[in-house]
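Inspection log for the structure reproduced underneath, given as structure tokens.
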Amino acid sequence: MFDTELFLESVPTLADAALVTIRLTVVSGALGLLAGALSAAAQLSGVTALRILSRIYVSLMRGTPLFVQLLVVSFGLPMLGVSADPFLAAALAIGLNSGAYVTEILRAGVLAVPAGQIEAAAAVGLSPVRIWTRILLPQAFAISLPALAAELTIVLKSTPLASVVAVTEMTYSGVLIQSRAFSAIEVFVPIAVGYILIAQAILRGARHLEGRLARARA
Amino acid sequence: MLMTAPPPISATGIVKRFGAATVLDDVSLTVARGEVVCVIGPSGSGKSTLLRCLSWLAPPDAGRIELAGERLGLVDGGERLRSAAEIRRQRSRIGMVFQGLNLWPHLTAAGNVMEGLVTVRRMPKAKARELALAHLDRVGLLAKADAYPARLSGGQQQRVAIARALAMEPEILFFDEPTSALDPELVGEVLDVMGALARQHTTMVVVTHEMSFAAEAADRILFMDEGRVVEEATPASFFGNPREERSRRFLDRTLSRYRLLVRSP
Amino acid sequence: MDWTVLLPHIPRLMDGLLITLWVTVLGTLASVAGALLLAGAAASPFGPVRGIVRVYTEIILGLPILVLLYLIYFVAPDLGLRLDEISAGVLTLTLYYSPYMAEAIRGAVGSIPPGQIDAARMVGMPGLSIARRIVAPQVLGLVIPPLTGLMIGLAKDTAILSVISVQEFAYRTKQVVSRTYAPFEVWTFVAVVYWMLLSAFETLMRGAEGRALRFRESR
Ligand SMILES: Nc1ncnc2c1ncn2[C@@H]1O[C@H](COP(=O)(O)OP(=O)(O)OP(=O)(O)O)[C@@H](O)[C@H]1O
Ligand SMILES: [Mg+2]
């Protein structure tokens, strides 16, 4: 039932595709962190227009399927005159989507920083931008690390959707092999294991980093 | 007949272990009807654990507890565990007020007091409410009957908890440091209610750090340390002239801090 | 951009939307049932049962829902489990969302102070009454926010069932795209429909949460 030969044949292809998955996860995750940090700052800035803009962004991203967002981005970019490399379009869509969730995570993290610290920083004359980059974000990041790691695993788990814009990441590569070989178990079981291993690596890495941060502060 | 009525609670040789640690080591305690016993002792000496054993929330590893003459938790001379329903019936004859604020937040003050009457005693709602209001009146909170706990101060919450315990008409009331979670200005109102209960000869075991309350309200003081009863005496003798060295040291530490507090302007 | 090309295709899209709603409702009900089962099993006194729940949860935490769908739709038939598209889709949603929902339930139950349970035991309430009258009313309010987020996620994830030809909203949309050659307009329209429906749902749930937790208001 399990075709070992097919399995062994597919391994190199799947391994290449796994690298695409990892790259897509990293690039999307970084974009999401950037978008989320900006949007969280906008939401907490006290500037009404920025706050509303950030709210709309979060609501739109949370209220529509990533699947649909991917298509809107990949068809929309060319209309804006941007030639859309599928990988970049996918990373952009997944990153913007994740940014909405990162917004909420970082917002909670920032609100967990005692207000007295902000007053103290303002009292010694730090500018608002410096207060954000020096005081608030580093601490919010440390507080939010477990939630951010969980979010990164969700980014990882969203990458298969990039196949709808023809990025050959791990899952799509499996679909291609399967449609040629008419056999599923030899490809999808190793693919599933691959994802689970990458996710575990993310979670363990985050726990390690968390421990280091805690020790650095102690 | 009156002379031979069994005491509300009588415990002998209670032992409780958590893993390798023996938290209660051969503790015995009998409380007569209408008697107020105050249990004092340093943190970690096993006071809460004693109350949890006496109410079977934490079944003891050895010893014998009798609730108004009836063996608690076990039957057949301690051979067999009672059924869960039997244990619940026995437990509902003990009222307990805990250290933390443990009202059920989704029920009003009256709802908290009625809950046991309705679900356990199967009392009709109207009758349960009538009784609940009477008990809330007793603790001075009739006006707050329909308020949710979130709208009550800590002191008021503990008074509702007392009404909740009283409503079940227990043989005996247990208090586990009921004021230790409260802001200092709210302690008095709770102690006042407890003092009134004591004067009405409600049978009570009170674990407390409030030495002046113990001195005034208690008929007997039980001093515990490291899981053992170190000294058992009347308040006058315990506070005036403690027999044991450990009692003396505990009192020196606690009372000197107390005096310091009252002397500071 | 020409939005009028959409008009003739609205009925077709709405048919798909109905299937999406149907699958969402089925998936939600099954997931909540599965979550209650998992949350119960996670509190089991038997170590091996707890172990199985933990391993299963870890697996789902790392497995993309699309891969799970492929496992169920393409691999499971080789192992003797053959399901039609809708059943495979609902099973996928259920297997995927149950552990997340179970975590939400466990979190809510765990946030109830144990002293409240002790107090209920002291008035002599049996475990079932404690669960029903003390724990459940509070948990109901506390799980609404995380469950709402997960239900929205589930509703959105029904779109991936289009890859196994469930004729839901996204599938119908693809058909319309291939007929109109106006992908941007069509997908934007669809995005707006999802967004309006899900935002309305979220608002509704926020109201429900407010009512369920009204007892917490201090003034
Ligand atoms: N469930 C438990 N598991 C393990 N150890 C416990 C448990 N409950 C209590 N202990 C231990 O038993 C000892 C007695 O605890 P207990 O709470 O009875 O003390 P206490 O006299 O009430 O102290 P306090 O004045 O601080 O309330 C402590 O050392 C405590 O750590
Ligand atoms: Mg204690």
Side-chain angles (χ1 to χ4, degrees), chain A residues 1-2 21 56 59-80 97 101 104 150 153-154 156-164 169-172 174-175 178-179 182-189 191-203, chain C residues 1 20 55 58-80 96 100 103 148-149 152-163 169-170 173-174 177 182-203:
Chain A
M1 192 173 58
F2 190 92
T21 289
I56 293 175
S59 166
L60 276 175
M61 290 299 140
R62 287 171 41 120
T64 55
L66 175 58
F67 182 78
V68 176
Q69 290 162 18
L70 271 162
L71 289 165
V72 170
V73 168
S74 75
F75 292 120
L77 282 183
M79 294 177 92
L80 296 172
N97 180 277
Y101 299 90
E104 316 250 295
T153 64
I154 294 180
L156 164 71
K157 297 205 288 178
S158 328
T159 55
L161 288 180
S163 61
V164 305
E169 45 61 66
M170 193 156 50
T171 304
Y172 190 49
V175 172
Q178 184 233 357
S179 61
F182 297 108
S183 190
I185 192 165
E186 298 82 357
V187 279
F188 287 122
V189 170
I191 285 173
V193 172
Y195 280 110
I196 292 165
L197 290 180
I198 300 173
Q200 284 297 321
I202 292 173
L203 293 173
Chain C
M1 259 183 265
T20 288
V55 170
E58 291 279 319
I59 288 177
I60 292 296
L61 252 41
L63 195 63
I65 189 167
L66 194 61
V67 174
L68 184 60
L69 180 68
Y70 287 149
L71 287 175
I72 287 169
Y73 192 67
F74 294 124
V75 176
D78 289 350
L79 306 173
Y96 187 78
Y100 282 103
E103 284 300 308
T148 304
I152 288 174
L154 188 149
K156 291 188 294 183
D157 276 342
T158 56
I160 65 160
L161 303 194
S162 62
V163 304
F169 200 30
T173 309
K174 283 187 219 165
V177 167
F184 182 75
E185 287 85 343
V186 176
W187 283 112
T188 304
F189 169 76
V190 166
V192 169
V193 173
Y194 270 115
W195 179 65
M196 287 192 320
L197 286 177
L198 292 177
S199 301
F201 176 70
E202 194 167 16
T203 309

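Worth saying up front: this structure is predicted, and the values here are computed from it rather than measured.
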Checking A:Gln69 against chain C: side chain, backbone, both or neither under 4.5 Å from a heavy atom?
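Contact with chain C is absent: no heavy atom of A:Gln69 under 4.5 Å.
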With only heavy atoms counted, which part of A:Tyr101 is less than 4.5 Å from chain C, the side chain, the backbone, both or neither?
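When you check distances to chain C, only side chain atoms of A:Tyr101 fall under 4.5 Å.
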Taking every heavy-atom pair that is under 4.5 Å apart, which of C:Leu198, C:Leu197, C:Val186, C:Val67 has the most such pairs with chain A?
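The option with the most such pairs is C:Val67.
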Working to the nearest 0.5 angstrom, can you tell me the gap between [X] [atom1] and [Y] [atom2]?
X	Y	atom1	atom2	result
C:Tyr194	A:Leu60	OH	CG	15.0 Å
C:Leu63	A:Ile191	CG	CD1	10.5 Å
C:Phe184	A:Leu80	CZ	CG	7.0 Å

Can you tell which part of [X] gets under 4.5 Å to a heavy atom of chain A, answering side chain, backbone, both or neither?
X	result
C:Thr188	both
C:Ser162	side chain
C:Ile152	side chain

Heavy-atom closest contact (A:Tyr195 atom, C:Gly62 atom, distance)
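For A:Tyr195 and C:Gly62, the tightest heavy-atom pair comes out as CB-O, 3.3 Å.
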Can you name the nearest heavy-atom pair linking C:Leu71 to A:Ala192, along with the distance?
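Heavy-atom minimum between the residues: CD1-CB, 4.0 Å.
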For C:Tyr70, all residues meeting side-chain contact (heavy atoms from CB on, under 4.5 Å), sequence neighbours excluded
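Partners of C:Tyr70 by the side-chain contact (heavy atoms from CB on, under 4.5 Å) criterion, ordered by chain and then number, come out as A:Thr171, A:Val175, A:Phe188, C:Leu66, C:Phe74, C:Val163.
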Identify, with sequence neighbours excluded, every residue that meets side-chain contact (heavy atoms from CB on, under 4.5 Å) alongside C:Ile60.
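side-chain contact (heavy atoms from CB on, under 4.5 Å) check on C:Ile60 returns C:Tyr56, C:Leu68, C:Tyr96, C:Pro99, C:Tyr100.
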Please confirm whether the backbone N or O of A:Phe67 pairs with a side-chain atom of C:Lys156, one donor and one acceptor, at under 3.5 Å?
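Side chain of C:Lys156 to backbone of A:Phe67: no pair is present.
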With side chain to side chain contact (heavy atoms under 4.5 Å, CB included) as the criterion, how do C:Leu61 and A:Ile196 come out once you've worked through the C-alpha distance, each side chain's angles and the decisive distance to 0.1 Å?
CA-CA 8 Å; C:Leu61 252 41; A:Ile196 292 165; over 6 Å; no
